[in-house]
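Following: one structure in structure tokens, then a few remarks.
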Amino acid sequence: MRYFVRRVIILLCTLWVAITVNFMIPRLMPGNPVETMMARFHERGSMSPSAMKAIALMLGVKHGNVFQQYWQYLGEVVHFNFGVSYTYFPYTVTYMIAHALPWTLGLVGISTLISFGLGTALGIVAAMRRGKSADGVLTTISSFTNTFPYFWLGLAAVYVLAFVLHWFPLSGAYNAAFPTGFHWSFIVSVVHHGFLPAMTIVISSIGGWLLGMRNNMINTLNEDYVLLANAKGLKSRWVAWMYVARNALLPNLTGFAMALGFVVGGSLLTEIVFSYPGIGFLLYNAVINEDYPLMQGIFLIIVVCVVLANFFADLAYVLFDPRVRRGGTS
């Protein structure tokens, strides 16, 4: 119980620090959102101060000193009110995030689960066949793909498979000619548009999971309890999957939890390359337009998800390794 209470206190403190930093970062950026908006329409030089003030009020730009704005911001966070988006006015930040989030969860979430599952399983296979041809092939390919910049892989896939061969669409998440809904034509269109970005994420990330799990497995295979299990006559495959893999998975568990937390943030460059309407692409537009409310809303969701993922990973450690709980209550 003491371990759980301590983790909750750390969680709350981390969230408060993250919310404070989230408030400060956009305000350290140069420029003004109203001036940026007017510059896009070449109206900045001809706008009177009163007109600029009216636009600022319309967009909900906060006035007063930093401390007053900070207390206002804390109150809005508590009530889940992130304001109006400057870029997509008059839509609210909550509305924009709600429409972009499902696309990111579907694309990046499924891709992360696939890459983690395949990478972990192949890492176990490579460790069990250490020194053999299967191990050499898997580790060589993984080392190569793990160093590949995923945005470069995305650009290459777009050029070859979409632009040259016309096998896949160049951008978007679905064909606008189909009405949205859970019907076959729309689902096929979504899968067709999402295949290339998903493939890019899986190929560029599976190598890290494979190599990490392989190294953990090799270190764990040398433990005394493994030698004892083999000496008792247990099948090596049973020992590897049921005993070694469970303990070797622990270091990867934190990385997987963090990866799930960052799923909400999307794969920024991948979504930009494929013009995929997810959170990453939305964040990019918010940054270039100095859309403070939208940036803060997205950053806050990403931070909260990462912190919560790390929190649940700590709790999962207790289930897999009771020594963590005993160490926390000592």
Side-chain angles (χ1 to χ4, degrees), residues 18-19 22 25-26 29 33 36-37 40 59-60 73 76-77 79-114 150-151 154 158 168-182 186-202 205 258-309:
I19 290 172
N22 184 40
I25 287 179
M29 297 175 60
T36 303
M37 182 179 181
R40 288 186 298 167
L59 294 176
Y73 173 70
E76 291 173 350
V77 169
H79 293 90
F80 300 99
N81 177 22
F82 302 113
V84 178
S85 171
Y86 300 159
T87 307
Y88 301 96
F89 182 85
Y91 294 111
T92 63
V93 171
T94 304
Y95 175 87
M96 296 305 304
I97 293 177
H99 279 70
L101 188 57
W103 297 109
T104 291
L105 292 178
L107 173 66
V108 187
I110 294 175
S111 301
T112 301
L113 291 174
I114 292 174
Y150 58 89
F151 63 89
V158 167
F168 297 95
L170 289 169
S171 61
Y174 61 93
N175 191 337
F178 298 126
T180 58
F182 289 99
F186 179 74
I187 294 174
V188 170
S189 177
V190 170
V191 174
H192 190 213
H193 281 73
F195 182 83
L196 278 187
M199 181 190 70
T200 300
I201 297 172
V202 170
S205 61
M258 297 294 289
L260 288 180
F262 280 111
V263 162
V264 178
S267 187
L268 178 61
L269 294 179
T270 299
E271 291 186 0
I272 293 174
V273 168
F274 292 95
S275 297
Y276 200 82
I279 291 292
F281 190 69
L282 190 66
L283 177 60
Y284 170 75
N285 288 330
V287 171
I288 63 175
N289 290 289
E290 297 183 18
D291 192 339
Y292 296 160
L294 188 55
M295 278 190 286
Q296 288 179 325
I298 295 175
F299 287 154
L300 184 61
I301 290 178
I302 295 174
V303 168
V304 169
C305 289
V306 171
V307 172
L308 289 177

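Treat the numbers as computed from the prediction; the structure is a model and nothing was measured.
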Which heavy-atom pair separates [X] from [Y] by the least distance, and what is that distance?
{"X": "S111", "Y": "V202", "result": "O-CG2, 3.7 Å"}
{"X": "S275", "Y": "F281", "result": "CA-CE1, 4.3 Å"}
{"X": "G297", "Y": "V93", "result": "CA-CG1, 4.2 Å"}
{"X": "V303", "Y": "A18", "result": "CG1-CB, 3.0 Å"}

Distance (rounded to the nearest 0.5 Å) between [X] [atom1] and [Y] [atom2]:
{"X": "T200", "Y": "F195", "atom1": "OG1", "atom2": "CZ", "answer": "9.5 Å"}
{"X": "C305", "Y": "L105", "atom1": "SG", "atom2": "CG", "answer": "8.0 Å"}
{"X": "T94", "Y": "H99", "atom1": "OG1", "atom2": "NE2", "answer": "12.0 Å"}
{"X": "H193", "Y": "F274", "atom1": "NE2", "atom2": "CZ", "answer": "12.0 Å"}
{"X": "S85", "Y": "N285", "atom1": "OG", "atom2": "CG", "answer": "9.5 Å"}
{"X": "M96", "Y": "I298", "atom1": "CE", "atom2": "CD1", "answer": "8.5 Å"}

Which label fits F168 and H192: parallel for a plane angle under 30°, tilted from 30 to 60°, or perpendicular past 60°? tilted
Over 60° means perpendicular and under 30° means parallel, so tell me whether Y95 and Y91 are parallel, tilted or perpendicular. parallel
Does any part of the side chain of L196, heavy atoms only, come nearer than 4.5 Å to the side chain of M199, both counted from C-beta? yes
Would you indicate whether the side-chain heavy atoms of V108 and E271 approach each other to under 4.5 Å? yes
Applying the side chain to side chain contact (heavy atoms under 4.5 Å, CB included) test to I97, which of L300, L283, I279 qualifies?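 Of all the options given, the one that passes is I279.
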W103 vs V190, test: side chain to side chain contact (heavy atoms under 4.5 Å, CB included). Steps then yes/no. CA-CA 10 Å; W103 297 109; V190 170; 4.0 Å; yes
Kindly check if the number of other-residue, nucleotide or ligand heavy atoms within 6.0 Å of OH (Y284) is above 12? no
